[in-house]
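For reference, the structure is listed below as structure tokens.
The analysis underlying the following values was restricted to heavy atoms, covering all of them including side chains, and did not include hydrogens, waters or symmetry mates. Residue numbering restarts at 1 for every chain, and letters A, B, ... go by the order of the sequence lines. None of the values given here were measured: they were computed from a predicted structure.
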Number of protein chains: 2
Amino acid sequence: MARAESKKLKEAPEKTTRIQEINRRLILDAALDVFSTYGFRGTTIDQIAERAGMSKPNLLYYFPRKQNIYVTLLEETLTEWLAPLAEIDAEGDPIEQLRKYITLKINMSETHPEASRLFANEVLHGAPAISDFLTKYLKPLVDEKAGVIRRWVGEGKLAPVDPYHLIFMIWATTQHYADFDVQVRAIMGSQVGRPGFKEQTAQAVLSIILNGIRPRN
Amino acid sequence: MARAESKKLKEAPEKTTRIQEINRRLILDAALDVFSTYGFRGTTIDQIAERAGMSKPNLLYYFPRKQNIYVTLLEETLTEWLAPLAEIDAEGDPIEQLRKYITLKINMSETHPEASRLFANEVLHGAPAISDFLTKYLKPLVDEKAGVIRRWVGEGKLAPVDPYHLIFMIWATTQHYADFDVQVRAIMGSQVGRPGFKEQTAQAVLSIILNGIRPRN
DNA sequence: CTGCATTTTGACCAAGTAGTCAAGTTTTTG
DNA sequence: CAAAAACTTGACTACTTGGTCAAAATGCAG
């Protein structure tokens with residue numbers, strides 16, 4: 001948009017042409033598919049280029065290194081992926097807030113399983129590209145929400161439970177359906193595709209977790 | 001290559017020498033470390049050979065293909081990994097049986113995180129090497145145990161809950177601590193190493209799940 | 001239309017890696 | 001102990017793959 005820079009100045013810091021915008025998008029979309037399936041090492045630039053419908057040198061014109069595509073993709077994905085956590089409202093009803101959070105996560109696992117797998121693969125391999133992100137951005141966010149949950153527990157609105165482990169449990173359970181999809185399908189077979197499966201999953205997960213943390217007396 | 005008929009018996013189908021036993025073990029142990037960290041594609045035979053303390057051609061003398069090592073390792077690991085599930089006793093007390101199962105799984109995640117990661121990585125990438133195993137061995141086992149749980153529910157010994165989703169939840173939650181160890185550490189920091197952390201984890205997981213499925217009236 | 005900037009690609013290169021091979025060394029066995 | 005079998009490895013091959021480059025094609029402002 002900012003077309004700006006007059007022609008004969010020094011190297012312009014950055015301008016984005018229409019073609020650039022289109023092709024970067026094509027590349028990133030293709031890369032998400034491929035990286036999430038084969039992992040970083042298992043993916044070749046040729047694969048991404050083919051899926052994006054362009055030649056390898058052309059792809060490298062937009063992202064000079066394989067790493068660049070991968071990191072850009074992770075950054076772009078992660079913020080979105082964590083958004084639901086940030087939305088937990090300390091002033092809301094605990095059970096309702098957590099129900100909403102879990103529901104959102106299950107939906108995301110269904111609609112964007114590639115994002116989940118991309119992330120899972122990265123973390124599984126030691127998070128070499130995003131360890132900074134984990135400590136600088138994720139940890140503070142989790143700390144804050146853990147504080148909220150701890151307060152709820154203190155007020156007797158939830159059964160006594162370690163907030164960090166509760167959050168891990170929600171992550172693990174919801175992402176399981178994206179990350180281990182093949183296994184889920186191998187076991188549950190045709191049920192997985194059927195309409196209503198997602199609702200059934202949400203129902204089961206919500207039932208166990210929410211009853212597990214509902215205050216008892 | 002007419003091999004000696006001079007010996008009276010035909011070629012023995014397989015015999016294992018002392019050296020073979022030692023070296024296969026060395027290779028598989030080394031391979032587990034490397035494969036579980038870098039995945040199949042991310043691992044080189046040289047890496048495994050070096051870690052096993054032998055030359056690459058020597059390693060290939062025992063396992064002619066990289067795939068062979070990988071598959072052998074998966075087979076060896078999987079049976080052991082699933083053993084606890086098989087131990088769930090239909091005649092036992094439901095809550096006690098599940099408590100035992102969850103506890104065993106958490107212990108395994110702590111003592112053999114590499115096995116968990118090896119498996120997670122394989123499934124995450126579509127289980128190309130073990131899809132047969134999943135349908136032929138894992139599915140029947142899970143079906144059987146799901147039947148047991150369903151019966152418990154029918155007898156009112158557990159809250160109404162889908163047995164498959166319950167099993168997935170237990171898998172997801174317990175393996176999370178092995179597979180996403182880096183993330184858990186990034187968030188919980190020094191606590192992870194501390195003695196008692198495993199117990200605290202087990203306590204939290206057990207508390208939520210068991211209370212989530214305890215019969216209500 | 002013209003000329004410059006942007007985009008595109010075929011051909012190529014260097015590094016890395018799975019797997020081979022033939023020739024040596026060690027272990028087993030009769 | 002000597003021959004056979006089992007084991008070990010340096011050197012090598014064939015192939016994959018990340019990345020380069022120079023030249024051609026296309027887009028676009030004046």
To the nearest Å, give me how far apart [atom1] ([X]) and [atom2] ([N]) are.
X	N	atom1	atom2	answer
A:Arg18	C:dA5	CZ	P	19 Å
A:Ile22	C:dT7	CD1	P	11 Å
B:Phe63	C:dT20	CZ	P	16 Å
A:Asp46	D:dT17	CG	P	8 Å
B:Asn68	C:dA18	CG	P	13 Å
B:Ile48	C:dT17	CD1	P	12 Å
B:Asn23	D:dA6	CG	C1'	11 Å
A:Tyr70	D:dG18	OH	C1'	17 Å

Next item on the list: Take atom OH of B:Tyr62 as the centre, draw a 6.0 Å sphere, and report whether it contains more than 12 heavy atoms from other residues, nucleotides or ligands.
Entry: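 Yes.
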
Phosphate OP1/OP2 of [N] contacted by [X] side-chain N/O (<4.0 Å):
X	N	result
A:Arg65	D:dG19	yes
A:Gln20	C:dT7	yes
B:Thr17	D:dC7	yes
A:Asn58	C:dT9	yes

Check: Do the side chain of B:Lys56 and the base of C:dG19 come within less than 3.5 angstrom through a donor-acceptor pair of N or O atoms?
Finding: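 Such a pair exists between side chain and base.
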
Check: Which comes earlier along DNA chain C counting from the 5' end, the contact point of B:Phe40 or that of A:Tyr62, where each point is its nearest nucleotide?
Finding: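 Looking at the nearest nucleotide for each, A:Tyr62 comes out on the 5' side.
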
Output the single nucleotide from [options] whose closest atom is nearest the side chain of [X].
X	options	result
B:Tyr61	D:dA6, D:dG18, C:dA18	D:dA6
B:Arg41	D:dT17, C:dA18, C:dT6	D:dT17
B:Met54	C:dA18, D:dG27, D:dT9	D:dT9
A:Pro57	C:dT9, C:dT20, D:dT8	C:dT9

Check: Do the rings of A:Tyr70 and A:Phe35 sit parallel, tilted or perpendicular, given the 30° and 60° boundaries?
Finding: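 Ring orientation, 0 to 90° scale: perpendicular.
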
Item checked: Aromatic plane relationship, A:Tyr177 with B:His165 - under 30° parallel, 30 to 60° tilted, over 60° perpendicular ->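 Plane angle between 30° and 60°, so tilted.
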
Check: Which part of the nucleic acid does B:Leu60 contact within heavy-atom distance under 4.0 Å: base, sugar-phosphate only, or nothing?
Finding: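 Base: the residue B:Leu60, judged by heavy atoms under 4.0 Å, touches a nucleobase.
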
Notebook entry, point to check: Which part of the nucleic acid, if any, lies within reach of B:Thr44 when heavy atoms closer than 4.0 Å are counted: base, sugar-phosphate only, or nothing?
Noted result: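 Sugar-phosphate, no base atom in range.
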
Next item on the list: Kindly say whether B:Ala90 contributes a backbone atom to a donor-acceptor pair with the side chain of B:Trp152 at under 3.5 angstrom?
Entry: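 Yes; judged by distance alone, with no hydrogens or angles, the pair exists.
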
Next item on the list: Kindly indicate whether a cation-pi arrangement holds for A:Arg41 with B:Tyr38, taking the cut-offs as under 6.0 Å to the six-membered ring centre and within 45° of the axis.
Entry: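 No, cation not above the ring by the 6.0 Å, 45° rule.
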
